[in-house]
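Single-structure report; data block below.
Numbering of ligands and ligand atoms starts at 1, following listing order.
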Amino acid sequence: MSVNQVQPKLIIHGGAGSSLKGKGGADAVRQSLYKIIEEVYSLLLAGANARDAVVRGCQLLEDEPRFNAGTGSVLQSDGQIRMSAALMDGKSQRFSGVINVSRVQNPINLAKTLQESADRVLSDYGSAELLRELNAPVYNPLTDLRLQEWIQERQDNFSKTMAGVVAEKDVTIVSEPGRGTIGVVALDSQGCLAVGTSTGGKGFERIGRVSDSAMPAGNYATSKAAVSCTGIGEDIIDECLAARIVVRVSDGLSLSESMQRSLQEAKDNQRDLGAIAIDAMGAIAWGKTCEVLLAAYHTGEQVGDTLDWSEEALTGSAS
Ligand code: GLY
């Protein structure tokens, strides 16, 4: 690393939930997260910019069927998969995203394409048109586990309001309805930040429901800080959580103080959510109001995760 370069930093998440149950539950999730952290961190070390590293991280998380984004996305109430994703580049402070897109492997790729477009957030019909223009191959992200989950819920007359956050037969089951999303935040060697977030939504929701993941409430970055959220979209939107944390950093609070204050407010308001963040100085922070946050990070010196983190803890940090 030359004198003008900074140590890259990386944090990723695969959702949040009420508990990781079953034999080997945490280990299975940890393995997936660490594999992705290592691959994306090596790109940052090789000089990739934050935006490209974030897109690659999101692709890898979307391709991991265990997480609720891309392959393995939950089904909506009518049995269809509709996904949302967003990308924000902190340097250009530019947001792009797609809402409720279907039949594509990596929704984050559409968000990436839209970074250069005059119209940067497209909903279902517009996203389908974009896919057609790009000649993107038709892809079905449905997995057997997610289908079984939906069939079971249909038999139970959709008594749950959401699907499980992690799909893993007999091994990794979150005991209550989930808050599945994936997210990546990176600081590159030039000191630039970026964030990406992607989701299949809550699962079993009504048609047309819009997720926080493709809004600045759930995915936001400036040159000072970048944040990706997970949890119940409506709660994240009500707190405008990602933008709230970033604005606090811009106003002079440290990242960990911004996370702490914002998560305390969310907890006081009985919200159900989690967030991961990095600032321009290389501080890494995370927070949750639910019991488990499925996150892993790379500081340049060590890899760590939040899987065994206390159920009561509100925020944590590394640097
Ligand atoms: N946070 C993902 C969703 O609620 O759609």
*Does Gly231 reach ligand 1 with a nitrogen or oxygen that is under 3.5 Å from one of the ligand's nitrogen or oxygen atoms?*
yes

*Is it true that Asp238 and Arg271 make a salt bridge, defined as a side-chain N closer than 4.0 Å to a carboxylate O?*
yes

*Near Asp212, which atoms of ligand 1 are under 4.0 Å from a heavy atom of that residue?*
1 (N), 2 (C), 3 (C), 4 (O), 5 (O)

*Are Leu253 and Leu187 linked, directly or through other ILVMFWY residues, by side chains that come within less than 4.5 angstrom of each other?*
no

*Quick one: are Gln93 and Tyr220 in side-chain contact, heavy atoms under 4.5 Å?*
yes

_ligand 1 contact on Met83 by region, counting heavy-atom pairs under 4.0 Å_ = neither

Sequence neighbours excluded and cut-off under 3.5 Å, please list the side-chain donor-acceptor pairs for residues 281-288, or say none.
from   : atom 1 : to     : atom 2 : distance (Å)
Lys288 : NZ     : Cys290 : O      : 3.4
Lys288 : NZ     : Glu291 : O      : 3.3
Lys288 : NZ     : Ser310 : O      : 2.9
Lys288 : NZ     : Glu311 : O      : 3.2
Lys288 : NZ     : Ala313 : O      : 2.9

*So is Thr230 in contact with ligand 1, going by heavy-atom distances below 4.0 Å?*
no

*asked:* Quick check on side-chain contact (heavy atoms from CB on, under 4.5 Å): which of Leu43, Thr299, Leu44 does Pro8 satisfy it with?
replied: Leu44

*Short N/O distance, under 3.5 Å, between Thr181 and ligand 1?*
yes

_What I want to know is whether Ile236 and ligand 1 share at least one N or O pair that is separated by under 3.5 angstrom._
no

*Report yes or no: does a heavy atom of Arg209 sit under 4.0 Å from some atom of ligand 1?*
yes

*Applying salt bridge (charged side-chain N to carboxylate O under 4.0 Å, His left out), which residue pairs with at least one partner in residues 226-236 are found, sequence neighbours left out?*
Lys202-Glu234, Arg209-Glu234

